[in-house]
Protein chains: 2
Amino acid sequence: MDTNTTSNEYVRGTLKTIVLNLLAEQKRMYGYEITQEVKERTSGAIALTFGALYPVLHKLEQEGLLVTESVEVDGRLRKYYSLTTPGSEAARTKTDDLERFVDAIRLLLAPKGLATE
Amino acid sequence: MDTNTTSNEYVRGTLKTIVLNLLAEQKRMYGYEITQEVKERTSGAIALTFGALYPVLHKLEQEGLLVTESVEVDGRLRKYYSLTTPGSEAARTKTDDLERFVDAIRLLLAPKGLATE
DNA sequence: CAAATATATATAAGTTTTTTATATATGCAA
DNA sequence: TTGCATATATAAAAAACTTATATATATTTG
């Protein structure tokens, strides 16, 4: 029922980091699971689309940051993704960068002259 | 000297909102001024590129959210941008959306299970 | 039983956005 | 006079994203 999803335009650029960060936490996830987890954790504010997610997963795999293992569950194929060593490193770096970016955005959104806290 | 600029990939998608929000605050700014203000307010964390900024400014103008007035200062042309009424409305909406997005990102980056504060 | 919904992955076409490179032009400092 | 800061702008190319679509099973609903 699409609770209160924002237009998603802001996800641009952060998708890779979101994926890496979740995998750093959960060890092993499949695509569908990632979309559900993001939706749940953000109360529907961020809804990843498959058309964006899968290409990113494939690209991260190509870059050697992720590895996959396919498992059949109830007759359906489920493809688990997990971080490689360079993937864990990238997750740390990118998460830090995103945190800094988010802080910077808040500086911009806060009316000039107001203290940060 | 490029203090500590993040790779800028996160600016993707937020550029329009950053511009609208600054103009809502400052009433009237020119392109170069916008890049300087953003750099300053974020201590160099966010550095806008002209190749991205100008197309966005032109597009917002086309959409009727901004109007321009050209002023000659010291023999140089300076093009001031300011919000129209629909532009002010868009600034509010988009700023709110971005705030909600930023909050959602923090939920994702915070390790699962930890309280929001 | 049929239809809809949830689960699950994936690609292709088209559009939008962004990066990178480039052009133009003035004022000031070294 | 060379370089840097100021100032705007466009074009070509690359990257990213949206939208639409295909496939397939299990479960729920009418």
Side-chain angles (χ1 to χ4, degrees), chain A residues 1-3 5-20 28-40 44 46-63 66-81 94 98 101, chain B residues 1-3 5-20 28-40 44 46-63 66-82 94 101:
Chain A
M1 209 127 264
D2 202 290
T3 326
T5 310
T6 60
S7 63
N8 252 17
E9 63 176 297
Y10 299 123
V11 177
R12 280 170 176 294
T14 60
L15 183 49
K16 218 177 243 186
T17 306
I18 289 172
V19 169
L20 289 172
R28 178 176 118 144
M29 297 178 91
Y30 51 100
Y32 187 80
E33 189 184 13
I34 293 174
T35 65
Q36 299 309 301
E37 178 76 14
V38 167
K39 200 191 284 180
E40 207 183 291
I46 300 179
L48 305 184
T49 58
F50 299 115
L53 178 62
Y54 286 116
V56 162
L57 286 171
H58 300 329
K59 207 187 168 195
L60 290 173
E61 191 184 359
Q62 262 182 260
E63 288 170 0
L66 303 182
V67 284
T68 59
E69 57 183 310
S70 290
V71 179
E72 206 189 295
V73 180
D74 295 319
R76 289 193 214 93
L77 193 73
R78 195 179 274 181
K79 206 164 162 183
Y80 280 101
Y81 293 87
K94 287 192 154 288
L98 184 51
F101 176 75
Chain B
M1 208 128 266
D2 203 291
T3 326
T5 310
T6 59
S7 62
N8 252 18
E9 64 177 297
Y10 299 124
V11 178
R12 280 167 178 296
T14 59
L15 183 49
K16 218 177 243 187
T17 306
I18 289 173
V19 169
L20 289 173
R28 177 175 118 145
M29 295 179 92
Y30 51 99
Y32 186 81
E33 189 184 11
I34 293 173
T35 65
Q36 299 308 302
E37 178 76 13
V38 167
K39 201 192 283 178
E40 206 182 292
I46 299 180
L48 306 183
T49 58
F50 298 115
L53 178 61
Y54 285 117
V56 162
L57 286 173
H58 300 329
K59 208 189 168 196
L60 290 173
E61 191 185 359
Q62 263 182 260
E63 289 170 358
L66 302 182
V67 283
T68 59
E69 56 183 311
S70 291
V71 178
E72 207 189 296
V73 180
D74 295 319
R76 289 193 215 93
L77 194 73
R78 195 179 272 180
K79 206 163 161 184
Y80 281 101
Y81 294 87
S82 49
K94 288 193 152 287
F101 176 75

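So that the names make sense, note that chain A is the first sequence line, chain B the second, and so on, each numbered from 1. This structure is a prediction, so every number in the text was calculated from the model and none was measured.
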Below 4.0 Å: OP1/OP2 of dA16(D) and any side-chain N or O of R12(A):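 For R12(A), the contact criterion (side-chain N or O under 4.0 Å from OP1 or OP2 of dA16(D)) is not met.
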Measuring from T68(B):OG1 to L57(B):CG, what's the distance to the nearest 0.5 Å?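 With rounding to 0.5 Å, OG1 (T68(B)) is 10.0 Å from CG (L57(B)).
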To the nearest 0.5 Å, what is the distance between OG1 (T35(B)) and CD (E40(B))?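 One gets 10.5 Å once the value is rounded to the nearest 0.5 Å.
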So which heavy atom on [X] is nearest to which on [Y], and how close?
X	Y	value
L48(B)	V38(B)	CD1-CG2, 3.9 Å
R28(A)	E33(A)	O-OE1, 4.1 Å
K94(A)	T17(A)	O-CG2, 3.4 Å

Tell me the interatomic distance from [X], atom [atom1], to [N], atom [atom2], rounded to whole angstroms.
X	N	atom1	atom2	result
L48(B)	dT17(C)	CG	P	16 Å
E37(A)	dT7(C)	CD	P	14 Å
F50(B)	dT6(D)	CZ	P	9 Å
M29(B)	dT8(D)	CE	P	11 Å
Q36(B)	dA5(D)	CD	P	10 Å
Y10(A)	dA16(D)	OH	C1'	18 Å
L15(A)	dT18(D)	CG	C1'	13 Å
R78(B)	dA5(D)	CZ	P	17 Å

Tell me which nucleotide among dT7(C), dT6(D), dA10(C) gets nearest to the side chain of Y32(A).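 Selected nucleotide: dT7(C).
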From the options dT8(D), dC17(D), dA10(C), select the nucleotide whose nearest atom is closest to the side chain of Y30(B).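 The closest nucleotide is dT8(D).
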Within-4.5 Å side-chain heavy-atom neighbours: V11(B) and F101(A):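 Yes, at least one pair of side-chain atoms sits under 4.5 Å.
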Does the side chain of L53(B) reach to within under 4.5 Å of the side chain of V19(B), using non-hydrogen atoms?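 They are in side-chain contact.
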Using a 4.0 Å cut-off on heavy atoms, which residues in residues 51-62 of chain A reach DNA chain C? List them by number, or say none.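 Nucleic-acid contacts, sorted: G51(A), Y54(A), H58(A).
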Which part of the nucleic acid, if any, lies within reach of Y80(A) when heavy atoms closer than 4.0 Å are counted: base, sugar-phosphate only, or nothing?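 It contacts nothing in the nucleic acid.
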Checking ring-ring contact (aromatic ring centres under 6.0 Å, His included) between Y30(A) and each of F50(A), Y81(A), Y54(A), Y80(A), which is the one that passes?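 Checked F50(A), Y81(A), Y54(A), Y80(A) against Y30(A); only one passes ring-ring contact (aromatic ring centres under 6.0 Å, His included): Y80(A).
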What does the B/S/- profile of nucleotides 22-28 of chain C look like, 5' to 3', with a 4.0 Å heavy-atom cutoff to protein? ----BS-
Is E9(B) salt-bridged to K16(A), cutoff N-O under 4.0 Å?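 K16(A) and E9(B): not salt-bridged.
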